[in-house]
Engineer: 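After the structure tokens below, expect a handful of questions from me.
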Amino acid sequence: MIALPDTILIVDFGSQVTQLIARRVREAGVYSEIVPFQLAEDGFARLKPKAVILSGSPASVTDENAPDIPRVILESGLPIFGICYGQQALCQQLGGRIEGGLTREFGRAFLEVQKASPLFEGIWAEGTRHQVWMSHGDRVTALPEGFEIIAASPGAPYAAIADEERRIYGVQFHPEVVHTPDGAKLLSNFVHKIAGLKNEWTMAAFREKAIAEIREKVGDGKVICGLSGGVDSSVAAVLIHEAIGDQLTCIFVDHGLLRMNEAEEVVTMFRDHYNIPLVHVQAEDTFIDALEGEMDPEVKRKTIGRLFIETFEAEAKKLGGADFLAQGTLYPDVIESVSFTGGPSVTIKSHHNVGGLPERMNMQLVEPLRELFKDEVRVLGKELGLPAHFVGRQPFPGPGLAIRCPGGVTRDKLRILREADAIYLDEIRKAGLYDAIWQAFAVLLPVQTVGVMGDGRTYEFVCALRAVTSVDGMTADFYHFDMEFLGQAATRIINEVKGINRVVYDVTSKPPGTIEWE
Ligand code: XMP
């Protein structure tokens, strides 16, 4: 067995921002995992954590069926840090009192430090005031034995409490969000100064652990990996290759829906730079012929998904099959999310990049990035020697340019879209904006409009430009370019791309729009 790193267990009571707690702890150099409260006892036994953090929750401890902290955690003698609901549950279960419906407090608040504590060491001195972010309706009104107030705010007299001897802490505010400016340092104090954990969760350490795990799991079996050209599958492939060498074969299905020069870049990098066995399947005709004339977005997506599986399967058969399928699944895809609306059950999101394949092909999965967040994958990619411009690439959807060509897809439309997209991204890079934008791309509308170029009338397609900022792709705001930039990009696209005579900018946020157009 591979030894687990020193771990912080985060018990998720369903807060919207639980993932941020894990990120902050990892940023502090300590490994953390989130476990839904229903599975907290199992998680505690499996992970053998060195400390526990309890998340916030949409529930109220005054509700009849409010979730509890397992006794094994409370009685473990480990350091515990309760946030919002976590603090209230701690107090309730340890003999204090919670009341609901007093003052509700949402958003920015200021607390005053009442007493020095290791939790505040190096950041907050006694008597000073600090901004925090609150979001609560209930609050603690009587402390359990052994606890004292270490900070108070007007709406939350028990804004931060501590039992220094038992190393149990609770805060009413949310230290994990950026609106609590010192929150990350506070969490860092908990893991380092209170729990005594070292700064050991580095990508170099992860890389070593992951390689050992892959070797142990795969043995002398054969692994195939579907490369999409995206960051996740590429990093997974390079990591696995480092672990098991040529027992890995990558299959790159080029469906003809990639961006300018994308296929060449992937093939060159993997084959020539990394020397990874790579099957480059040129399947453009299969995909584009199947899509021709198809207008329905869902049918387009399903057609691409089905053809992808069929092509991949056929290539894998040619290789004589494999024992394992490698995928670039990330941590946010595997976190079991807590559901309060759907009853007490745990909703488990299962996300397969190559949906359905493992079952169909009777293969086991190798998912070496299952524990990582996207930004951590980028750091790992750099650690493995992937070029910075490659690991920093914006996300690109599996169905590719097909869903950026609303309506029917043709080779000619794809050519036009590819050229416009390349110019747009070139302008964004030149303006130094690439890293500030979550995703930027061109969309070719199935609409022709009249224009005038030189002395002649034109009747050509409209290109829509899209750029959004986002944290996770779930919500997004359109990017606020200045008009000069948009004008410059539009002029270049119209002048340089044959087939486009008008450019518009999409100012829709998500919701109500989606990031992609189909
Ligand atoms: P939407 O359009 O749903 O997109 O707002 C959210 C994020 O998901 C990406 N996306 C996909 N990624 N396969 C993928 O791998 C897909 O079928 C797919 N559809 C959308 C999209 O680019 C954005 O980052």
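Note that ligands are numbered from 1 as they come in the structure, with each ligand's atoms numbered from 1 the same way.
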Engineer: If you count the atoms of ligand 1 from 1 in the order shown, which ones are under 4.0 Å from a heavy atom of Thr514?
Structural biologist: 1 (P), 2 (O), 5 (O)
Engineer: Which option, Pro511, Ala476, Gly398, owns the non-hydrogen atom nearest atom 15 (O) of ligand 1?
Structural biologist: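 Considering heavy atoms of Pro511, Ala476, Gly398, the nearest to atom 15 (O) of ligand 1 sits in Gly398.
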Engineer: Identify whether the distance between the nearest side-chain nitrogen and carboxylate oxygen of Glu419 and Arg415 falls below 4.0 Å.
Structural biologist: yes
Engineer: Relative to the ring of Tyr505, is the ring of Phe478 parallel (under 30°), tilted (30 to 60°) or perpendicular (over 60°)?
Structural biologist: perpendicular
Engineer: Nearest heavy atom to atom 12 (N) of ligand 1 wins, so pick from Pro397, Gly513, Gly305, Ser470.
Structural biologist: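 The nearest heavy atom belongs to Pro397.
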Engineer: Does CG belonging to Asp220 count more than 12 external heavy atoms closer than 6.0 Å?
Structural biologist: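 For Asp220, atom CG is not crowded (no more than 12 foreign heavy atoms under 6.0 Å).
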Engineer: Who's closest to atom 24 (O) of ligand 1 heavy-atom-wise, of Lys510, Glu518, Gln439?
Structural biologist: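 Nearest option to atom 24 (O) of ligand 1, by heavy atoms: Gln439.
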Engineer: Please, which pairs that meet ring pair (Phe, Tyr, Trp, His ring centres under 6.0 Å) have at least one residue in residues 219-272, sequence neighbours excluded?
Structural biologist: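 Residue pairs with at least one partner in residues 219-272: Phe252-His280, His255-Phe287.
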Engineer: If you count the atoms of ligand 1 from 1 in the order shown, which ones are under 4.0 Å from a heavy atom of Pro399?
Structural biologist: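 Within the 4.0 Å cut-off of Pro399, ligand 1 contributes 13 (N), 16 (C), 17 (O).
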Engineer: Can a salt bridge be assigned to the pair Glu516 and Arg301 using a cut-off of 4.0 Å between side-chain N and carboxylate O?
Structural biologist: no
Engineer: For Trp438, counting its heavy atoms only, list the atoms of ligand 1 lying under 4.0 Å from any of them.
Structural biologist: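 Those qualifying, in numeric order: 24 (O).
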Engineer: Using a 3.5 Å cut-off on N or O atoms only, is Gly473 in polar contact with ligand 1?
Structural biologist: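 Min N/O separation from ligand 1 is not below 3.5 Å for Gly473.
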Engineer: If you look only at pairs with a residue in residues 403-442, which of them pass as a ring pair (Phe, Tyr, Trp, His ring centres under 6.0 Å), with sequence neighbours excluded?
Structural biologist: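 Matches after skipping sequence neighbours: none remain.
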